[in-house]
Amino acid sequence: MSPDVMPEAQVAPAMTEPGNKTDRAHSRARAVRRRRIVVAVSRVLLLVAVLGLWELLSRAEVIDPFNFSMPSKIWDQIWTWVTHGTALGSLGEQIWYTLYEALLGWVVGVVAGVVFGIALGRITLLADVLGPYIKVLNSIPRIVLAPIFVIWFGLGPASKVASAVVLVFFPVFFNAFQGAREVDRNLVANARILGASDRRVTVQVVIPSATSWIFTSLHVSFGFALIGAIVGEYIGATKGIGLLVAQSQGTFNAAGVYAAMVILAVVALLAEGLLTFAERRIFRWKPASSDS
C-alpha cells in the first residue's frame, strides 16, 4: 500500500463528523421551530375555546349575560370606542393618558429602586440603618395609598404617577439590592488589586453584574405601574382607562369594564414584548432558553 493513501476506515470519521454536527444542529433547529409552532397554535386554540365557551354559556343564559357580558358585546364596545370615541374623548387619548402616567411612574420607580438598591447593597452601614424602615414601608398595602395621593396631588396625573412609583419601587429595589450582594467577590477583589476605586468597582463591576437581576424585576414592575395608574384613575381622575372602568361600572356596563381590561392587557403585552426584545439585545451573550 502506498504511504500517501490513507485507509478508508481512517478517512471516513474525519469526513463525516462535521456533517453529523451540521445535521444535529439542523435537527435541533427544526425541533425548536416545531415546538414554537405547537405552542403558538395551542395558545390560540385555548383562547378560542375559552371565548367560544364564554359566548355559548352567556347566550344560553347558563351564566348571567348582564353581569358577565359576552365576547361579542365586548368586541362591539371596543369597536364603538375606536370608531366613535368615548364619553371622555377619543380612545387613543385615554390610552395615552394612562400610558403616560404608568411610564413616568415606572421610570421614576425603576431609577429610585436601582439607585437605593445598589447603594444599600454596597454600603452595609446604610443598609443596617434604613433596612427596618424599608421593611415597614414594604409591609404597607400600597394600593391604599392611592386615595392619599389623590388628596395630596389632586385629580391630575401626579397622583397616578405617585401610585405607580410606590408599586414599582420595591420589587426593583429588592432585586437590585440582591444583585449587588450576589456579585462575585473574586471580581471585586481583582478590580481592587488593579487599583479600581469604590466608584469604579460599583460602576464597572457591581452594576453590570446586577443588571440581569434588575431586568428580571422590570417585567413585573411595568404591570405594577399600570395597576397604580389605573387604581388612581379609578379613585379620581379627569380621563384615562381607569376612569372608563369606573364609568362603565357606574352605568352597569359589564362589556365596557371587560373592554377596558382587554385594552390594558394588550398594552401590557406590548410593553412586555418591548422589554423582552431589549433584554435579548443587551444580554446577547446569554444562551437562548429552550422554552422560548
Side-chain angles (χ1 to χ4, degrees), residues 30-99 102 141 143 146 164 167 171 216 218-235 237 239-277 289-292:
R30 285 194 297 269
V32 170
R33 285 195 295 269
R34 284 197 298 268
R35 186 181 185 282
R36 288 177 177 174
I37 293 173
V38 170
V39 170
V41 172
S42 300
R43 288 172 177 172
V44 172
L45 291 177
L46 178 60
L47 179 62
V48 171
V50 171
L51 294 179
L53 182 62
W54 184 2
E55 184 79 19
L56 288 175
L57 293 177
S58 294
R59 290 187 180 275
E61 297 188 354
V62 176
I63 59 176
D64 188 356
F66 180 79
N67 292 326
F68 291 93
S69 189
M70 59 184 67
S72 58
K73 289 185 178 180
I74 296 170
W75 171 253
D76 290 340
Q77 181 66 77
I78 294 174
W79 183 250
T80 300
W81 283 346
V82 170
T83 55
H84 302 290
T86 70
L88 306 172
S90 68
L91 179 61
E93 183 182 6
Q94 313 312 312
I95 295 174
W96 168 245
Y97 195 78
T98 299
L99 194 58
I143 291 297
L167 285 173
T216 300
L218 297 187
H219 292 277
V220 178
S221 61
F222 187 78
F224 288 161
L226 278 175
I227 291 173
I230 292 299
V231 170
E233 290 172 351
Y234 184 85
I235 293 173
K239 61 181 67 175
I241 300 298
L243 185 55
L244 280 180
V245 173
Q247 287 188 342
S248 298
Q249 181 187 19
T251 57
F252 299 99
N253 180 12
V257 174
Y258 289 119
M261 293 171 60
V262 170
I263 293 170
L264 285 174
V266 171
V267 171
L269 287 175
L270 290 175
E272 173 69 17
L274 290 175
L275 285 172
T276 301
F277 174 77
S289 173
S290 60
D291 297 334
S292 59

Drop me the distance from [X]'s [atom1] to [Y]'s [atom2], to the nearest 0.5 angstrom.
{"X": "I37", "Y": "R35", "atom1": "CD1", "atom2": "CZ", "result": "12.5 Å"}
{"X": "D64", "Y": "L57", "atom1": "CG", "atom2": "CG", "result": "12.5 Å"}
{"X": "I78", "Y": "T83", "atom1": "CD1", "atom2": "OG1", "result": "11.5 Å"}

Under the side-chain contact (heavy atoms from CB on, under 4.5 Å) test, residues paired with [X] that sit two or more places apart:
{"X": "W75", "answer": "W79"}
{"X": "T251", "answer": "N253"}
{"X": "S72", "answer": "E55, R59, M70"}
{"X": "V50", "answer": "L46"}

When you measure from the side chain of S42 to the backbone N and O of V38, does any donor-acceptor pair fall under 3.5 Å?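 Flag set: sc S42 to bb V38 pair under 3.5 Å.
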Between T98 (side chain) and G240 (backbone), is there a donor-acceptor pair under 3.5 Å?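 Absent.
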List for me each residue that meets side chain to side chain donor-acceptor pair (under 3.5 Å) alongside [X], sequence neighbours excluded, and say none if there are none.
{"X": "K73", "value": "none"}
{"X": "R43", "value": "none"}
{"X": "D76", "value": "none"}

Qualifying ring-ring contact (aromatic ring centres under 6.0 Å, His included) pairs, either residue in residues 41-72, two or more places apart: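 The answer is W54-Y258.
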Please identify each residue that fulfils ring pair (Phe, Tyr, Trp, His ring centres under 6.0 Å) with W81, with sequence neighbours left out.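 For W81 there are no ring pair (Phe, Tyr, Trp, His ring centres under 6.0 Å) partners, ignoring immediate neighbours.
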Residue list, ring pair (Phe, Tyr, Trp, His ring centres under 6.0 Å) with Y97, at least two apart or on another chain: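 Listed in chain order: nothing, the list is empty.
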Can I get a per-line list of side-chain donor-acceptor pairs under 3.5 Å for residues 220-231, giving both atom names and the distance, sequence neighbours left out?
residue : atom : partner : partner atom : Å
S221    : OG   : W106    : NE1          : 3.0
S221    : OG   : S217    : O            : 3.0
S221    : OG   : L218    : O            : 3.1

Could you tell me which non-hydrogen atom of Q94 sits nearest to which non-hydrogen atom of T86, and how far apart they are?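 For Q94 versus T86, the nearest heavy atoms are CG-OG1, 4.0 Å.
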Please report, to 0.1 Å, the donor-acceptor pairs under 3.5 Å made by any side chain of residues 242-250, with sequence neighbours excluded.
residue : atom : partner : partner atom : Å
S248    : OG   : L244    : O            : 2.9
Q249    : OE1  : Y234    : OH           : 2.1
Q249    : NE2  : Y234    : OH           : 3.4

